[in-house]
Structure formats: structure tokens, C-alpha cells
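Scope of the values below: all heavy atoms of this structure, side chains included, with no hydrogens, waters or symmetry mates. Note that the numbering runs from 1 along the sequence shown for the chain.
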Amino acid sequence: MRVVFAGTPGPAVPALRRLIASPRHEVVAVVTRPDTTAGRGRKAVRSEVGQVADEHGIEVLAPQAPRDPEFIARLTELQPDCCPVVAYGALIPPAVLEIPRYGWVNLHFSLLPAWRGAAPVQAAIAAGDEITGASTFRLEAGLDTGPVYGVVTEMIRPTDTAGDLLGRLAEAGATLLESTLDGLEDGILVPAPQPAEGVSHAPKVTVDAARVDWTRPAHVVDRHVRAVTPAPGAWTMIGDLRVKLGPVTPVDETLEPGELAVLKNGLLVGTGSTAVRLGTVQPPGKKPMAAADWARGARLDSKVRAQ
């Protein structure tokens, strides 16, 4: 099967590598988001998917938008049988969806129809779900509403961050995506419409939304911090200093919400229930460090609170 793979960030890389290595499928091009600029020299930086394509000498298409006429013309010339897509980052217009004969097959990191949207892994952790997974489905005009080809399930571990869980789902999902394309080529796979019940949505997590609300119970604070780790990263104000936080641990201590307690072996913060022990703290412009070490160096005033 001739495929044009669409994806951008690191979690899409295992699926791309799996299809490149597949004896049944030929990746004739990759679609990714345009290069970004970074560093003092403002150098162009290729997406992680684009870098893998470059390593293998695969043509890279990076339109500003998938509706660009030049992109549509080139995709039509390539005559793909299918366009697998993983975290590409832009909506595919209806005219482009119709180009490959098997359509666009999306690998989405949830058990659809749960957690449609940009941040399904973060939403599952924040909600306290015990089980999640990945789904392959045929793209259509609606947001993650297309019929489903297959799923894999994954347990959410008590200490999972979004990065941990997404790493496992990316690997399991790569296998699922390859088997989905195999089934389509063999003519044995028919997608099933998503049920109307159980629909939930997971919009992109903004930096503002990643701020910790210390009035919420400890278990909710714990899940929130893990859900936004590593990106965009949990944060709070301690006095007039904005600091990023690593995962926390609920403890059997009672403090007022936002109240700090500096101990020999840690830094506690009060929540709406029991306190939590901070793991790492990252002050502006510095590297993450153990919260206890930071607290000793910062010499926190007893009146300072997290908020």
C-alpha cells in the first residue's frame, strides 16, 4: 500500500518508523507542520516526524495549511492508497480527505468516543480514569467522530505522567495502526460507527489551565500535576515567584490550602484535603531541583503561600 504519513511531534514517530519498516507498505511522503525557529540564531527546526523522514530520504510536505493548492496538487500526484495520521496538528479539509482511496486513518490516543480532541491523555489522567487506550478511525469532517477500525487498551498507573502514558500508547498505537492498514489492504476490516453514549472532550491544555488550584483535594492536585507533565507543565506562584512543579505525593498531614511547611526532608503544601509533598521545583531561568533543596536555599518566609 502506498501511504503518505501525516504527523508532527515525537509521539507520532513510533508509528512512522513502524510503517517505514513494514514489508507491506511504502511511505512515499510525509506531511508535517512547517519548520519552527529556535535559539539565538533563530534557526529553522524540523518537526520530529520531518527529521525521521529526512533520515530515510522520504519527501517532506510542510504546507502552511492542508488546503493550500500546491499541497493538494502534490498529494494528488503521489496517488496514495491511504494517509495514516498521528498528531498532525491541523484539520484536513473534506476535499483532501477524499484523495486516498482508503481515506485518512487517524491514530487517536483514547478509547473513542471518550476524550475526543487535542489532549486525550492529559484528560484521562486528570479525570482519574483507570483504563485508556488508542483507537484507529477514519477521518471525517467532525472532530474525532469517524467510525472506528480498532482499539488497544492500556492501564493508567498511579504515578503515570502524561509523558509516561503517551510513550506507552505511542508504541502500542504504532502496532495498531500497522495492523489497521494491513486489514484495509486485505479487505477484511470494516469500521464501526462510534456510539452516541460516552462522548467526552479533551481540549488543548493551556498554560493558564496548568496552574495548580490548591483549594482542590490532594488526589485531584496529584492527578492535575501528572496530567500536565511534561507539557505545558504545572506551576504555581510562591510569593511573587512563579515556579514549575514536578509530580507531587499526597501525605497524611493537614495544612491550609496553599500553606507551606518546610521540613528537613521535603516541602509540603496544603490542599483542600490533606497536604502534598512537592517533588521538584523549577524557578525561572533555572533547572529543576529537589523541592527541599530549593526551599532551604530560598529561605521562605513563614507567611509566604502557594497560590
Side-chain angles (χ1 to χ4, degrees), residues 3 5-9 11-12 15 66-67 81-157 160 162 165-166 168-206 209 216 219-220 223-224 226-228:
V3 301
F5 181 92
T8 299
R67 64 178 178 275
D81 296 307
C82 186
C83 291
V85 54
V86 186
Y88 168 48
L91 294 176
I92 309 300
V96 179
L97 291 176
E98 296 174 0
I99 292 175
R101 61 181 178 135
Y102 291 112
W104 291 65
V105 176
N106 193 3
L107 171 63
H108 184 76
F109 298 118
S110 81
L111 298 176
L112 291 170
W115 304 128
R116 295 172 177 169
V121 173
Q122 293 92 328
I125 292 176
D129 293 354
E130 296 182 354
I131 299 175
T132 187
S135 307
T136 50
F137 70 98
R138 181 160 181 152
L139 273 185
E140 57 182 31
L143 178 62
D144 301 334
T145 57
V148 173
Y149 289 106
V151 300
V152 291
T153 59
E154 179 71 32
M155 294 293 296
I156 300 179
R157 300 168 186 170
D160 269 341
L165 181 56
L166 188 54
R168 298 201 304 276
L169 289 174
E171 294 293 339
T175 302
L176 172 64
L177 184 61
E178 182 184 25
S179 65
T180 297
L181 266 59
D182 290 349
L184 286 173
E185 188 174 44
D186 292 339
I188 61 173
L189 205 54
V190 178
Q194 293 185 35
E197 301 78 23
V199 175
S200 51
H201 294 89
K204 181 179 179 180
V205 181
T206 65
R216 305 179 80 182
H219 71 281
V220 176
R223 294 193 313 231
H224 170 79
R226 289 187 289 110
V228 297

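Minimum heavy-atom separation, Val3 to Pro84: CB-CD, 3.8 Å. Nearest heavy-atom pair, Pro120 versus Gly117, reported as atom, atom and distance to 0.1 Å: CD-O, 3.5 Å. Considering every non-hydrogen atom in both Val151 and Ser135, the closest pair reads CG1-OG, 3.6 Å. The shortest heavy-atom contact between Ala170 and Pro11 is CB-O, 3.4 Å. Scanning all heavy atoms of the two residues, the minimum distance from Gly7 to Ala12 falls at CA-CB, 4.2 Å. In plain terms, the two heavy atoms of Leu169 and Phe109 that are nearest each other are O-CE2, 3.5 Å.
Partners of Arg168 under the side-chain hydrogen bond (donor to acceptor under 3.5 Å, both in side chains) rule, at least two apart in sequence or in another chain, are Glu154, Asp160. Legend: residues meeting side chain to side chain contact (heavy atoms under 4.5 Å, CB included) with Pro93, ordered by chain and number and at least two apart, are Pro66, Arg67, Val96. In this structure, the side chain to side chain contact (heavy atoms under 4.5 Å, CB included) partners of Pro100, at least two apart in sequence or on a different chain, are Pro80, Cys83, Trp104. Partners of Asp144 according to the side-chain hydrogen bond (donor to acceptor under 3.5 Å, both in side chains) rule, which considers only residues two or more places apart in sequence or in another chain, do not exist here. Applying the side-chain hydrogen bond (donor to acceptor under 3.5 Å, both in side chains) test to Glu140 and every residue at least two apart in sequence or in another chain returns Thr145. For the side chain to side chain contact (heavy atoms under 4.5 Å, CB included) test, residues two or more places apart in sequence or in another chain that qualify with Ser179 are Leu176. Remark: Ala87 engages Pro9 in a side chain to side chain contact (heavy atoms under 4.5 Å, CB included) (not counting sequence neighbours). Under the rule for a side-chain hydrogen bond (donor to acceptor under 3.5 Å, both in side chains), the partners of Thr136 that lie at least two apart in sequence or sit in another chain are Thr180.
Among residues at least two apart or in separate chains, salt bridge (Lys or Arg N to Asp or Glu O under 4.0 Å) pairs with a member in residues 93-103 are Asp81-Arg101. Pairs of residues two or more places apart, or lying in two chains, that qualify as side chain to side chain donor-acceptor pair (under 3.5 Å) and include a residue from residues 121-132 are Trp115-Asp129. Counting only residues at least two apart or in different chains, salt bridge (Lys or Arg N to Asp or Glu O under 4.0 Å) contacts with residues 179-204 comprise Arg24-Asp182, Arg24-Glu185, Arg24-Asp186.
For the atom pair CZ (Arg138) and CG (Leu189), the distance works out to 11.5 Å, reported to the nearest 0.5 Å. To the nearest 0.5 Å, atom OH of residue Tyr88 and atom CG of residue Leu139 are 12.0 Å apart. Between the SG atom in Cys82 and the CG atom in Leu181 there is a gap of 4.5 Å [rounded to 0.5 Å]. The line from CE of Met155 to CG of Leu165 is 11.0 Å long, rounded to the nearest 0.5 Å.
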| said: Please determine whether side chain to side chain contact (heavy atoms under 4.5 Å, CB included) holds for the pair Ile92 and Val85, giving the CA-CA distance in whole Å, both sets of side-chain angles, and the decisive distance to 0.1 Å. | reply: CA-CA 10 Å; Ile92 309 300; Val85 54; 5.7 Å; no
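At most 12 heavy atoms of other shown residues, nucleotides or ligands fall within 6.0 angstrom of atom CG in Leu91.
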